[in-house]
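Per chain, numbering begins at 1; letters A, B, ... match sequence-line order. This is a predicted model, so every value here is computed, not measured.
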Amino acid sequence: MTRYTPSEIEARWQTAWEQSQIFKAVRSASKPKYYVLEMFPYPSGRIHMGHVRNYTMGDVIARYKLAKGFNVLHPMGWDSFGLAAENAAMQKGIHPGEWTYQNIEDMKAQMKPLGFSLDWSREIATCHPDYYQHQQAMFIDMIEAGLIYRKNAIVNWDPVDMTVLANEQVEQGRGWRSGALVERRELTQWFFKISDYSDELLSALDTLENWPAKVRLMQENWIGKSRGLQFAFSTVNAPDGHDRIEVYTTRPDTLLGASFVGISPDHPIAKLLERDNAEIAAFTAECRKGGTTEEAIETAEKLGFDTGIRVRHPFDTSQELPVYIANFILMDYGTGAIFGCPAHDQRDFEFATKYGLPIIATYLPSEDASDELTEAYVPPKTEKVFYNRGFAGEQWQTGLEGIDTAIEFCEAQGVGQGVTKFRLRDWGLSRQRYWGCPIPVVHCDDCGVVPEKKENLPVKLPEDVTFDIPGNPLDRHTEWRTTPCPSCGKSALRETDTMDTFVDSSWYYARFTAPHADTPTVMEDAEYWMNVDQYIGGVEHAILHLLYARFFARAMHITGHLPESAIEPFDALFTQGMVTHAIYKSTKPVTMGDTELTFGNTDVTFEMTNRPIFHYPEEVILKGDKAFLKEGGEEVEIIPSAKMSKSKNNVVDPLNIISDFGADTARWFVLSDSPPERDVEWTASGAEAGYKHLGRVWNISDRIAAMDENAAGTGDDDLLRQMHKAIHDVTMAIESFGFNAAIAKLYAFTAILQKSKASKAAQRKAVMTLAQLMSPMTPHLAEDIWAMQGGEGLIATAPWPVADEAMMKDDTVTLPIQVNGKRRGEIDVPADMPKDEVEKLALAHEAVIRILDGGTPKKVIVVPGRIVNVVV
RNA sequence: GCGGGCGUGAUGGAAUGGUAGACAUACCAGACUUAAAAUCUGUUGGGGUGUAGCCCCGUGUGGGUUCGAGUCCCACCGCCCGCACCA
């Protein structure tokens, strides 16, 4: 007797697909195109279940669209520049390039057995000069188009290693290697003028109907359009040249509640003062400690320093407000200075309480409410409030009205003007690192900053570098750095900063349309293949990557590399959840040897009485809802649904799953248990269940194939009705990304088919349809069943089955009957029975009669085909 | 701190505002077997009761809208993600 053997089946069909070249995308006028793209991976060296889930979802769409008759483009590549390669270089003494290319080989070998319908002839790697030379060419175009400029910006500086740190390399305000307290430093860096497109990127969000609402909302908030008042306080005793302090506020209606002015530690006045005042210098130095992330700044303790400078209130020049340097004010947003209104901002409230500043309410919830506040009063802007210190508009008005009338009033009085500002900052792309795309410019003593000539591209990374000293090896590579100035020909120095890896991933989708062209894109190909019809990736990219890609597509259009129709490159977006796994944890008392554990060089020592031990899933045996060690039998704690992480030993390797159960099972399971947008917990029992089910389907097909050709049976109509329902339900589910629901339907239909006593002809039709419906998820098994039943050609290219509405209809329906919304019974009625007859039948139901108890119902609601509700 | 999301049996989850718990796991019971595995079948939200029946409660908590709310609105609690140099 034969049985389901995935290893044999999967190898066979992968070879068949490869030989037939059915996944190779070729431009064709005769078919509509469909471009499906999953966010390309960083080549870390191993694929993980998250990749499997991401690419399986994309593959389901790609294979489904192929069966629907589309000309499908489904490419794959590598986001292969980045920090991890340099870390590997430092730890293992291996060149980042060698490490990266080896990882690409390894990961490709791990992906192949999963049977994705990818066009590998279009493979790209962003770290290859074939890719990044075009990025350099576009960079030069964008400089010329005025989309790129240089300015000073702040970075994390490790004073011991003398190097710039990424945010990720800062742990609790210290450098991860040196353990030194991180400082902020200013460097001249390159920027994309993304902020010029704030309004455009914001308003175009409305056109992205097939993006998740939450992603659009997050981008909207990130861009952060606000209308406010910009005005100046005149200073009383400020240093020369600073007789005004410009501030921006989104709440000009609270101007009479101002009790102080706050300036950023990086504000020009603060910088001026710190030169001559040691106390202020010490304070601003303190403010500059710690990481540069917004989170670090916002959660740090609020600190202020009274500069002694006073400003006059614009409406009452006799009133003077103190000017504080405050650590929570960002130089990047607004003017780097604010007025503090403690009554209506919790942060200002805490600041005022700490430094003994007045708290002056300007509006209150009611006319008789006390203006002695114990916390900031911050109602929604749409709520009507009583302005006890209003100066424009009505006494009772909403915050929004208050703001508008305040701006109008101030403009009329000549106190500032209404302005629209955005939270979005320009995109700093300079990285002081080796493993990235070199910025193709040259610094010449005579000509200044000069873009490299296009004919000199690519500016290739030098290979002979070492990572034994912290910092960027390009800085130390004199031979590479020294180059003739493209303008005057004199000896000059190359830029040693490389580009943010977000640049690489901001246009790869466009490169896939012409991956081997000697220009960044080819207009004909871009016009045919763009846009990406379905983009799939993690929600963690909801803001930065997607916003940058949207900007870059516009920049590429301006510089002639994309058609205007492609400025929103992703027509539909789907954000999928993570794959998680339980953690098995036990604790061991700490022994003499390890009472002092040192983390990095941070000089932090821990005294612990118990140490957590994380066990691999293979070391654990599950009994019911408890887990025990295989060796020793000790019970261990189960922590459910944690992100897979090496340090927690809860990573499941897809390769093991493939060798145990086959790729189809891995693909089936990652889709089956949770909705795609939510996290899915990997469980061994779930994977096994999938494997058993696939075996069951194979056995059913085997049994049907062995039936006598003319075997008659009973229930053909019923089986075919269920088949058409399954086609309908599964198709709808795939269209709406309800893969888990699709799989539930497939389970149900399989159970029906298994029990069916229908004729061979009907059963054969049913199992072939089942295989087609399963083919996007489990393509190898589907091909095998198709072949077993004598199907023509490959199932991958067979037309998708169509549900016949007429054959799906049931003759009778069961309607639940509710009384006052509670279910009290049900009736079977013909599907097309008119409402009034259904109502009569419902009122004649014994449960209804009993509850009515002779009375008459107030109302009867009949929802045809759904429900009857009797209101009494 | 700010922004976004999620919360349903023992577990993962299903449910165009219309029978809450589809489908799967786990557990339990049964068939087959010397036995185990595999396979197949069936039960399983909680409580009450006059136990083939009927009733009450039940979707994080508290309110609201509706003939009808897991679904919509408000407040709260908990968890997860992002915060511009990780990708």
Check every strand shown and say whether A/L424 touches a base, only sugar-phosphate, or nothing at a heavy-atom separation below 4.0 Å. base

Could you tell me whether the side chain of A/Q169 has a donor or acceptor atom within less than 3.5 Å of a complementary atom in the base of B/C85? no

When rounded to the nearest Å, what value does the distance between P atoms of B/C76 and B/G3 take? 13 Å

Are OP1 or OP2 of B/C85 and a side-chain N or O of A/R431 less than 4.0 angstrom apart? yes

May I ask you to decide if the ring planes of A/H541 and A/H545 are parallel, tilted or perpendicular, using 30° and 60° as cut-offs? perpendicular

Sugar-phosphate only, base, or nothing, as touched by A/G82 at under 4.0 Å among non-hydrogen atoms: sugar-phosphate

So, under a plain 3.5 Å distance rule, would you say the side chain of A/Q189 forms a donor-acceptor pair with the base of B/C85? yes

Counting only side-chain N and O atoms of A/R824, is one of them less than 4.0 Å from OP1 or OP2 of B/C56? yes

B/U41 versus B/U34 - spacing of their C1' atoms, nearest Å: 23 Å

Report which part of the nucleic acid A/Q432 touches: base, sugar-phosphate, or nothing (heavy-atom distance under 4.0 Å, all strands). base

Nearest-nucleotide 5' precedence on RNA chain B, A/N156 against A/R347: A/R347

Do A/T498 and A/L474 come close enough that some side-chain heavy atom pair is under 4.5 Å? yes

Answer yes or no: does atom CD of A/E375 have more than 12 heavy-atom neighbours from other residues, nucleotides or ligands under 6.0 Å? no

Geometric class of the A/F192/A/F552 ring pair [parallel <30°, tilted 30-60°, perpendicular >60°]: perpendicular

I'd like to check the ring pair (Phe, Tyr, Trp, His ring centres under 6.0 Å) partners of A/F749; sequence neighbours left out, ordered by chain and number. none

Closest to the side chain of A/E294, out of B/G5, B/G1, B/A26, is B/G1

Within the structure shown, what part of the strands sits under 4.0 Å from A/G224 by heavy-atom distance: base, sugar-phosphate, or nothing? nothing

Does B/C57 have OP1 or OP2 sitting under 4.0 Å from an N or O in the side chain of A/K822? yes

Is the positively charged end of A/R423 above the ring of A/W222, judged by distance under 6.0 angstrom from the centroid and angle within 45° of the axis? yes

Interatomic distance where OH belongs to A/Y691 and C1' belongs to B/U25 [whole Å]: 19 Å

Indicate the ring-plane relationship of A/Y747 and A/H693, choosing parallel, tilted or perpendicular according to the 30° and 60° boundaries. tilted

Calculate the interatomic distance between A/I817 atom CD1 and B/U19 atom P; express it in whole Å. 14 Å

Does any donor-acceptor pair link the side chain of A/R678 with the base of B/C6 at a separation under 3.5 Å? no

B/U39 phosphate, OP1 or OP2, under 4.0 Å from A/K692 side-chain N/O: yes

Would you say A/N740 reaches B/A14's phosphate, i.e. side-chain N/O to OP1/OP2 under 4.0 Å? yes

Distance between the C1' atoms of B/C40 and B/C32, in whole angstroms? 8 Å

Spacing of A/E540 atom CD relative to B/A84 atom P, expressed in whole Å: 15 Å

Any heavy-atom pair between the side chains of A/Q432 and A/Q189 that's under 4.5 Å? yes

Heavy atoms under 4.0 Å, any strand shown: does A/F328 hit a base, just sugar-phosphate, or nothing? nothing

A/W211 ring centre to A/R216 NZ or CZ under 6.0 Å, with the angle to the axis within 45°? no

Expressed as a whole number of angstroms, how long is the span from A/L547:CG to B/G3:P? 18 Å

If we ignore angles and hydrogens, is there a donor and acceptor under 3.5 Å between the side chains of A/W78 and A/N103? no

With a 4.0 Å cut-off on heavy atoms, is A/S430 in touch with a base, just the backbone sugar-phosphate, or nothing at all? base

Please state whether the phosphate of B/A24, meaning OP1 or OP2, lies under 4.0 angstrom from any side-chain nitrogen or oxygen of A/S672. no

Verdict with reasoning, A/N156 to A/T292, per side-chain hydrogen bond (donor to acceptor under 3.5 Å, both in side chains): CA-CA 6 Å; A/N156 298 306; A/T292 56; 3.3 Å; yes

Which part of the nucleic acid, if any, lies within contact of A/W427, taking any heavy atom under 4.0 Å across all strands shown: a base, the sugar-phosphate backbone alone, or nothing? nothing

Considering every strand and a 4.0 Å limit on heavy-atom distances, what is the contact class for A/A542: base, sugar-phosphate, or nothing? nothing

Heavy atoms under 4.0 Å, any strand shown: does A/L83 hit a base, just sugar-phosphate, or nothing? sugar-phosphate

Any chance you could encode RNA chain B as dot-bracket? Rule is Watson-Crick or G-U wobble with both distances under 3.5 Å; [ ] for pairs crossing earlier ones, | for another strand. (((((((..(((.....[....)))(.((((.......)))).)(((((...)))))..(((((..]....))))))))))))....

Nearest-Å distance once atom C1' is located in both B/G7 and B/G21: 16 Å

Pairwise P distance, B/C23 and B/U16 [rounded to whole Å]: 16 Å

Could you check whether A/T293 gets within reach of a base, just the sugar-phosphate, or nothing at all, counting any heavy atom under 4.0 Å? sugar-phosphate

Just checking A/Y509 against A/Y535, ring centres under 6.0 Å apart? no

Do any side-chain nitrogens or oxygens of A/N221 fall under 4.0 Å of OP1 or OP2 in B/G4? yes

Of the candidate nucleotides B/C85, B/A20, B/C40, which contains the atom at the shortest distance from the side chain of A/R696? B/C40

Take the protein atom NZ of A/K858 and the nucleotide atom C1' of B/U66, then report the distance between them rounded to whole Å. 14 Å

CG of A/L544 versus P of B/A87: gap in Å, rounded? 11 Å

Would you indicate what A/H545 reaches in the nucleic acid, counting non-hydrogen atoms under 4.0 angstrom: base, sugar-phosphate, or nothing? nothing

Between B/A84 atom P and A/R423 atom CZ, what is the distance in whole Å? 9 Å

Considering every strand and a 4.0 Å limit on heavy-atom distances, what is the contact class for A/P675: base, sugar-phosphate, or nothing? sugar-phosphate

Using 30° and 60° as the class limits, which term best fits the ring planes of A/W435 and A/F81: parallel, tilted or perpendicular? perpendicular

For B/G7, does the O4'-C1'-N9-C4 or O4'-C1'-N1-C2 angle fall within 90° of 0, making it syn, or is it anti? anti

Atom P, compared across B/C27 and B/G64: separation rounded to whole Å: 44 Å

Side-chain atoms of A/Y548 come closest, of B/A24, B/A84, B/G5, to B/A84

Distance check, P atoms only: B/U65 and B/G46, in whole angstrom units. 33 Å

Atom-pair distance (CD on A/E86; C1' on B/C85), nearest Å: 12 Å

C1'-based separation of B/A15 from B/C85 [nearest Å]: 45 Å

Is there a side-chain contact between A/E688 and A/F661, using heavy atoms and a 4.5 Å cut-off? yes

Any residue in residues 862-870 of chain A with a heavy atom nearer than 4.0 angstrom to RNA chain B? Just list them by number, or reply none. A/V863, A/R866, A/I867, A/N869

For the side chain of A/R850, counting heavy atoms from C-beta on, which of B/A24, B/C55, B/G18 is nearest? B/C55

Heavy-atom nearest nucleotide on RNA chain B taken for A/T299 and for A/K745; more 5' hit belongs to A/T299

